[in-house]
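All remarks here apply to the structure that follows.
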Amino acid sequence: MTGEIKLSESLREYLSKMPDLDLDLLIEAYQNPLPTSFRVNTLKMDEHEILEMLKGKGVSFKKIPWARYGYVVEDESIDLGKSLEHALGLIYIQAPISMVPVEVLDPKPGEKVLDLCAAPGSKSTQIAQLLNCLGVLVANDISFERVKALASNLQRFGVLNVIITLMDGRKFPRFAHECFDKVLVDAPCSSLGIVSKNWGIARSWNPEIAKRLSRVQRQLIVAGFDCLKPGGELVYATCTLTVEENEMVIQHLLEKRENAVLKEIDLSSLKYRHGIVEWNNMRFDEELKKTIRIMPYDNWAEGFYIARVFKGG
Amino acid sequence: MKLLSPRERKFLENRLKSLYGVEKGFSDLVLIKCGRRRIRATTKETLELASKLKGVQQIGLYVMKVSNSDISLSVEGAQLLNGDIKNNIIELDEEQVERWMKAVPIKIETTYRGRYVIGKFNRLYLGSARVSRNGLLYPQIPKWRRIPLS
């Protein structure tokens, strides 16, 4: 994209009110393309062998410190999306910060994991990789079209222990109450963390979008939490910056479910800030400081919000 | 989706053995019939959980297509069987692999038994290609995963 990015008036006003946000830096980050990064698929081949194949083709890359099996491309001249390694499912192209939520969820072999809003499957394939064929992954999405992409990506990645469901995630607890060890709610959002991909997001944003999505996100997080076994963990993530879609959703869960407990997130290699506890004359639970906000200019990649919730007995 | 009956499974195992020399097959996995000819593989635990859920669209991996007595393995099906495949393998060079993943026909000199062969590049299996009488291989790569023709 060339030229200058335009932010809607309402977005500019909203962002200028946000604490700990540098609008000039944010606009600069929006104008830069996101780095190309990928994960190597250890379900299919040894990590070192895949990296050697890529090096043999002249691809240069470096390790992403916060993601197991994650690498960022240093020279963009080779289109990895058209490579043999991609077609064979030896690599999965995924943006670098998008790898963080699953690292925080940290699925272990043998666990039952639900990815409530799974399409197109980047995080599902990452979960499957960490499960290493032991345990079960349920990858759900509400859209038939998006489930097709999800199914293709899980097939190419070679995931055996997966169930793909087509369902409104809000209805999941009706038949899967306290069924899972881990749940990922990577909720649909207004995408203000990935404006670099599509400047139109910033041009057309208005507060109503965030409010509408916030209602859905609140229902999704409660549904996801109800699917957790006691002692299980849920990760809530969005690629947006608004308080309505992030902290207010977590606050809602804490009010609705007494046994929801926020846990610290420790990512020493990543630059981020803590969740907001004061906004528009509202005061949230101090525990929300345990959630994290990643600004697009923190790591010159996507912006994300991530919360880690434990389910007490 | 329906579980393969012991008779159907035995038939498949026999065919895999006679066509590709496969001995162990998918022995520790559950095989599911999807439609008339497609077979998917998964784990027992996955199938058990699927029986409790609603809105299930797919389970596990698509591994093969059976037509009459012929078996065409998907890329992942061939990769799952890995070192167990002994017959009807064609070793490809780098240029042929690119053609294979673009589903472009490949000219061959050798003759093969059966209607399908399995492609192999270094240690990687690439699924099946149909063998035609005019000495061409037609790789069975679905449209969605082909490398685009430049």
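Just so it is clear, the model here is predicted, and its values are computed rather than measured. Protein chains get the first letters and strands the later ones, always in sequence-line order, with residue 1 at the start of each.
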**OP:** Pick whichever of B/Val75, B/Leu124, B/Asn82 has the most heavy-atom pairs under 4.5 Å with chain A.
**Re:**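 So the answer, after comparing B/Val75, B/Leu124, B/Asn82, is B/Leu124.
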**OP:** Between chain A and each of B/Arg123, B/Lys102, B/Arg146, count heavy-atom pairs under 4.5 Å; write down the option with the most.
**Re:**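 If we count pairs closer than 4.5 Å to chain A, B/Arg123 comes out on top.
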**OP:** Applying side-chain hydrogen bond (donor to acceptor under 3.5 Å, both in side chains), name anything that partners B/Gln96, two or more places apart in sequence or on another chain.
**Re:**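 Listed in chain order: nothing, the list is empty.
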Does atom [atom1] ([X]) have a neighbourhood of more than 12 heavy atoms from anything else shown, all under 6.0 Å?
| X | atom1 | answer |
| --- | --- | --- |
| A/Glu52 | CD | yes |
| A/Lys57 | NZ | yes |
| A/Lys229 | NZ | yes |
| A/Lys63 | NZ | yes |
| A/Lys171 | NZ | no |

For [X], is it the side chain, the backbone, both, or neither that has a heavy atom closer than 4.5 Å to a heavy atom of chain A?
| X | result |
| --- | --- |
| B/Lys52 | backbone |
| B/Gln79 | side chain |
| B/Leu47 | neither |
| B/Glu94 | side chain |
| B/Ile141 | neither |
| B/Val56 | both |

Spatial distance of atom [atom1] ([X]) from atom [atom2] ([Y]) [nearest 0.5 Å]:
| X | Y | atom1 | atom2 | answer |
| --- | --- | --- | --- | --- |
| A/Leu160 | B/Ile59 | CG | CD1 | 12.5 Å |
| A/Leu88 | B/Leu126 | CG | CG | 5.5 Å |
| A/Met53 | B/Phe121 | CE | CZ | 5.5 Å |
| A/Ile163 | B/Leu53 | CD1 | CG | 5.0 Å |
| B/Met101 | A/Ser83 | CE | OG | 10.0 Å |

Contact origin within [X] toward chain B - heavy atom pairs under 4.5 Å:
| X | answer |
| --- | --- |
| A/Leu154 | backbone |
| A/Lys112 | side chain |
| A/Lys148 | neither |
| A/Val162 | both |

Subject >> Ion pair check, B/Glu76 and A/Arg156, cut-off under 4.0 Å >> reply: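 Looking at A/Arg156 together with B/Glu76, the answer is no, because their closest N to O distance does not fall below 4.0 Å.
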Original post:
Is a donor on one side and an acceptor on the other found under 3.5 Å between the side chain of A/Gln155 and the backbone of B/Tyr62?
Top reply: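 Side chain of A/Gln155 to backbone of B/Tyr62: a pair is present.
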Subject >> Among A/His86, A/Met45, A/Glu49, residue most engaged with chain B (heavy-atom pairs, under 4.5 Å) >> reply: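 The answer is A/Glu49.
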Original post:
What are the two closest non-hydrogen atoms of A/Lys82 and B/Pro148, and how far apart are they?
Top reply: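 Smallest heavy-atom distance, with atoms named: CG-CG, 3.9 Å.
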Original post:
Between B/Leu49 and A/Cys179, what is the shortest heavy-atom contact and its length?
Top reply: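 Smallest interatomic distance, heavy atoms only, reads CD1-SG, 3.9 Å.
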**OP:** Go through the steps to decide whether B/Gln57 and A/Phe144 satisfy the test side-chain contact (heavy atoms from CB on, under 4.5 Å), and finish with yes or no.
**Re:** CA-CA 10 Å; B/Gln57 300 292 297; A/Phe144 180 72; 4.2 Å; yes
